[in-house]
Student: 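One structure follows; several queries about it will come next.
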Amino acid sequence: MFDNKNYLQQSEKLAKRYESDRQRYFELDEFIAISDYYVLNKNYKNALEVNSTAEIFYPSSFELKTIKADLYIKSNEFEKAEQIIRDIENSSDTGPDTYILRGEICIKRNNYKSAEKLFDKAIKLSEDKEYAIEIICDFLMITHQIRLAKKYLELAQEIIPNINIELMYWLAKCYEFESEFLKAAEIYEKMTVIDPFDENVWDDLGDAYMLLSKYENAVKAFDFRLAASAANATETLINKAECLSLLKKNNEAIKIYSKILDTEKENTDAMFGIAKCYEREGIDNVAERIYLDIVSYDPDYADAYFSLATIYAQKNEFIIAEQFMRKALNDSDNIPAFLIQMSKILFQQNKIDEARKTIEKSIYGDSCEHDYQAWLLYAEIVAFDNIEKAINILETKYNESFYAVAEICYHLAYYHFINEDMSQCTAYIERGIELDPDMMKSFFELCPEIMLDEHIMSIYFSSKTKK
């Protein structure tokens with residue numbers, strides 16, 4: 001919640017005064033500001049010391065007691081926090097603050113259901129529901145409890161009569177964490193209406209549209225950001241250029257990247273953008289040269305190694321591709337796209353076991369949950385040794401109503417054909433045709449032998465007649 005620049009600057013000044021003379025007298029609000037400064041820097045020990053000093057001057061302050069309990073919670077000293085909470089409860093009626101503090105302790109102890117009940121009660125009892133939700137959500141965002149934070153932030157949009165930009169922004173961030181990019185974009189759109197000169201919100205809106213592959217909308221958002229302020233705009237310009245490139249306007253994108261390089265001659269992100277434009281135009285030799293220049297400037301630029309590996313894999317030079325991918329993975333072995341590309345390259349070299357182990361590092365993560373290409377590749381690698389297991393993998397995704405159901409059906413049909421189970425093969429072909437008959441052409445490329453099966457071909461021709 002410490003996002004007010006003036007407040008932060010004032011807190012820092014007060015903290016420096018406190019450090020230079022700890023006997024100096026401060027007002028209660030000043031002590032709290034100093035404590036907030038230390039909390040922002042995660043120096044809970046100093047924050048607790050300030051709080052204890054403040055209690056000498058303000059021994060009956062309820063606010064200092066609740067802050068102290070909160071600091072103990074942040075320091076994971078739960079028993080001390082609970083003792084303070086009990087003292088507060090014994091000296092006054094139990095109010096929203098104590099429920100919030102107990103809820104925070106439950107979160108820290110992974111007791112989420114109890115925490116939710118306590119937070120619900122705190123909001124219900126609070127006269128200032130907006131403040132209660134701010135306190136709760138600040139804690140939940142810091143502790144990365146995104147789904148629970150989202151619940152209360154959505155509630156805030158319903159019950160708080162006045163616009164609270166901070167809560168709107170947190171909600172948008174929650175939607176991004178949950179990959180609900182359209183909802184995030186809708187929040188950012190509302191925020192731009194409230195403050196059309198906030199360049200940060202325009203940047204966030206552009207990023208959200210990029211993630212939605214709505215590149216024209218993203219370009220408009222970035223243009224508004226640049227109109228609001230041209231200062232510190234390099235990242236915005238790079239994002240805008242990337243969108244233009246993805247819209248096949250590579251010449252326009254290169255002009256933007258080149259303009260950046262006029263003033264920032266070794267900006268490797270701009271260089272990478274130019275290389276990517278040439279790669280998308282099919283001019284791989286120029287792209288390759290620029291990627292090599294990039295890694296000469298920055299030997300840790302993983303994306304450039306990834307792109308070099310992609311170029312060599314397309315040329316079927318898998319040994320060189322693997323060498324570049326290993327460099328890409330050197331400090332980035334948790335990036336799913338990198339692991340999947342490495343799996344492809346290893347699989348092409350018949351390094352089956354290593355390919356399987358590599359893709360398994362990423363396939364069960366949240367980012368690959370809906371990546372049908374990753375699951376198809378995983379099944380293909382597994383099928384090399386175990387057709388039944390490959391079938392089980394894809395049937396699990398099919399039963400989950402996986403969004404690429406048609407593609408899953410055709411691949412399941414292929415594996416059942418190899419397994420000589422024509423009944424299941426036919427069933428999945430029929431389902432695939434029902435969902436996407438045009439994809440049958442790709443299935444013929446995958447399994448040309450099926451064209452000799454009269455029954456399957458009659459099903460296919462019948463579907464074309466109905467169409």
Student: Hey, are K151 and E116 close enough for a salt bridge, meaning a charged N less than 4.0 Å from a carboxylate O?
Tutor: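 E116 and K151: salt-bridged.
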Student: Just so I know, are the side chains of F119 and L140 near enough to count as touching, which here means a heavy-atom distance under 4.5 Å?
Tutor: yes
Student: Do W202 side-chain atoms and P196 backbone N/O form a donor-acceptor pair below 3.5 Å?
Tutor: yes
Student: Whether the Y209 and D207 side chains hold a donor-acceptor pair (N or O, under 3.5 Å, no angle test) is what I'd like checked.
Tutor: no
Student: Do K315 and D284 sit within salt-bridge range, that is, some charged N less than 4.0 Å from a carboxylate O?
Tutor: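 Salt bridge flag = no for D284 with K315.
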Student: Please give me the minimum heavy-atom distance between Q145 and I107, naming the atom from each residue.
Tutor: CG-CG2, 3.9 Å
Student: Does any non-hydrogen side-chain atom of F62 lie less than 4.5 Å from one of S91?
Tutor: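 When only atoms from C-beta onward are counted, F62 and S91 do not touch, as no gap falls below 4.5 Å.
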Student: For residues 39-47, run the donor-acceptor check on the side chains, cut-off 3.5 Å, and write out each pair with its distance to 0.1 Å, sequence neighbours left out.
Tutor:
from : atom 1 : to  : atom 2 : distance (Å)
N41  : ND2    : Y37 : O      : 2.9
N43  : OD1    : N46 : N      : 3.1

Student: Of the options F306, Y305, F324, which is the one that meets F338 in a ring pair (Phe, Tyr, Trp, His ring centres under 6.0 Å)?
Tutor: F306
Student: Do D298 and T268 get their side chains close enough for a donor-acceptor pair, meaning under 3.5 Å?
Tutor: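 Their side chains do not contain a donor-acceptor pair, so the 3.5 Å distance test is not met.
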Student: Using side-chain heavy atoms (C-beta onward) and a distance below 4.5 Å, is Y25 in contact with F57?
Tutor: yes
Student: Between T310 and E279, is any pair of side-chain heavy atoms under 4.5 Å apart?
Tutor: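 They are in side-chain contact.
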Student: For the residue pair I100 and L118, establish whether any side-chain heavy-atom pair is separated by less than 4.5 Å.
Tutor: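 No. Closest side-chain heavy atoms not under 4.5 Å.
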Student: With side chain to side chain donor-acceptor pair (under 3.5 Å) as the criterion, how do S245 and N250 come out once you've worked through the C-alpha distance, each side chain's angles and the decisive distance to 0.1 Å?
Tutor: CA-CA 5 Å; S245 176; N250 286 300; 2.6 Å; yes
Student: Looking at L28, N51, T66, I67, which one forms a side-chain contact (heavy atoms from CB on, under 4.5 Å) with S61?
Tutor: L28
Student: Which atom pair, heavy atoms only, marks the closest approach of P96 to S126?
Tutor: CG-CA, 3.7 Å
Student: What closest approach, in Å, do I159 and P161 show between heavy atoms, and which atom pair accounts for it?
Tutor: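 I159 and P161 have their closest heavy atoms at O-CD, 3.4 Å.
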Student: Verify whether one side chain among N239 and T236 offers a donor that lies under 3.5 Å from an acceptor in the other.
Tutor: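 No donor-acceptor contact under 3.5 Å links the two side chains.
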Student: Are Y99 and D97 close enough, and set up right, to give a side chain to side chain donor-acceptor pair (under 3.5 Å), and what steps lead you there?
Tutor: CA-CA 5 Å; Y99 287 116; D97 294 282; over 6 Å; no
Student: Can you spot which of R280, K276, K249 makes a salt bridge (charged side-chain N to carboxylate O under 4.0 Å, His left out) with E242?
Tutor: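 Testing E242 for a salt bridge (charged side-chain N to carboxylate O under 4.0 Å, His left out) against R280, K276, K249 leaves exactly one candidate, R280.
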Student: Let me confirm one number: the CZ-CD1 distance from F347 to I381, rounded to the nearest 0.5 Å.
Tutor: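 Rounded to the nearest 0.5 Å, the CZ-CD1 separation comes to 6.0 Å.
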Student: Between E134 and N164, is a side chain to side chain donor-acceptor pair (under 3.5 Å) present by the stated rule, with each step listed?
Tutor: CA-CA 10 Å; E134 279 187 0; N164 185 313; 2.7 Å; yes
Student: Taking 4.0 angstrom as the limit, do K150 and E154 come out as a salt bridge?
Tutor: no
Student: One thing to verify: whether D293 and R289 come together as a salt bridge, which I'm taking to mean a side-chain N less than 4.0 angstrom from a carboxylate O.
Tutor: no
Student: Considering only NZ, NE, NH1 and NH2 on the basic side and carboxylate oxygens on the acidic side, decide whether D120 and K117 come within less than 4.0 Å.
Tutor: no
Student: Do side-chain atoms of K65 reach the backbone of P59 as a donor and acceptor pair under 3.5 angstrom?
Tutor: yes
Student: Taking the side chain from S114 and the backbone from N111, do they hold a donor-acceptor pair closer than 3.5 Å?
Tutor: no
Student: Can you tell whether the side chains of E322 and R326 come within less than 4.0 Å, N to carboxylate O?
Tutor: yes
Student: Return the minimal non-hydrogen interatomic distance between C137 and A149, and the atom names on each side.
Tutor: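 Scanning both residues completely, I find the closest heavy atoms to be SG-O, 3.9 Å.
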Student: Within the 4.5 Å heavy-atom criterion, are Q157 and L153 side-chain neighbours or not?
Tutor: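 No. Closest side-chain heavy atoms not under 4.5 Å.
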Student: Give me each pair satisfying salt bridge (Lys or Arg N to Asp or Glu O under 4.0 Å) with a member in residues 256-270, each pair once, sequence neighbours excluded.
Tutor: none
Student: Can you confirm whether the side chains of N399 and E395 place a donor and an acceptor under 3.5 Å from each other?
Tutor: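 No donor-acceptor contact under 3.5 Å links the two side chains.
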Student: With no hydrogens and no angle check, is any side-chain donor or acceptor of N90 less than 3.5 Å from a backbone partner on R86?
Tutor: yes
Student: What pair of heavy atoms forms the shortest contact from F222 to C243, and how long is it?
Tutor: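 Answer, listing the atom of F222 first, then C243: CE1-SG, 4.1 Å.
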Student: Between K183 and E180, is the closest basic N to carboxylate O distance under 4.0 Å?
Tutor: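 Answer for the salt bridge query: yes.
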Student: Given side chains that start at C-beta, do those of K344 and L377 come closer than 4.5 Å, heavy atoms only?
Tutor: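 Yes - at least one pair of side-chain heavy atoms lies under 4.5 Å apart.
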Student: Main chain of R225, side chain of S229: is a donor-acceptor contact present, judged purely on distance under 3.5 Å?
Tutor: no
Student: Looking at Q349 and I345, would you say the former's side chain and the latter's main chain have a donor-acceptor pair under 3.5 Å?
Tutor: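 Checking the backbone N and O of I345 against the side chain of Q349, a donor-acceptor pair under 3.5 Å is found.
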Student: Verify the neighbour count for atom CD of E19: are there more than 12 heavy atoms of other residues, nucleotides or ligands below 6.0 Å?
Tutor: yes
Student: On a heavy-atom basis, which atom in R356 and which in D353 lie closest, and how many Å separate them?
Tutor: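 The answer is NH2-OD1, 2.6 Å.
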Student: The criterion is salt bridge (Lys or Arg N to Asp or Glu O under 4.0 Å); which residues satisfy it with E216, sequence neighbours excluded?
Tutor: none
Student: Do Y312 and F318 make the cut of ring centroids closer than 6.0 angstrom?
Tutor: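 No, ring centres 6.0 Å or more apart.
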Student: Taking the side chain as C-beta and beyond, is there a heavy-atom pair between S35 and L71 under 4.5 Å?
Tutor: yes
Student: Between E30 and Y18, does a side chain to side chain donor-acceptor pair (under 3.5 Å) hold up when you go through it step by step?
Tutor: CA-CA 10 Å; E30 291 177 325; Y18 174 79; over 6 Å; no
Student: Are Y301 and F272 close enough that their ring centres sit under 6.0 Å apart?
Tutor: yes
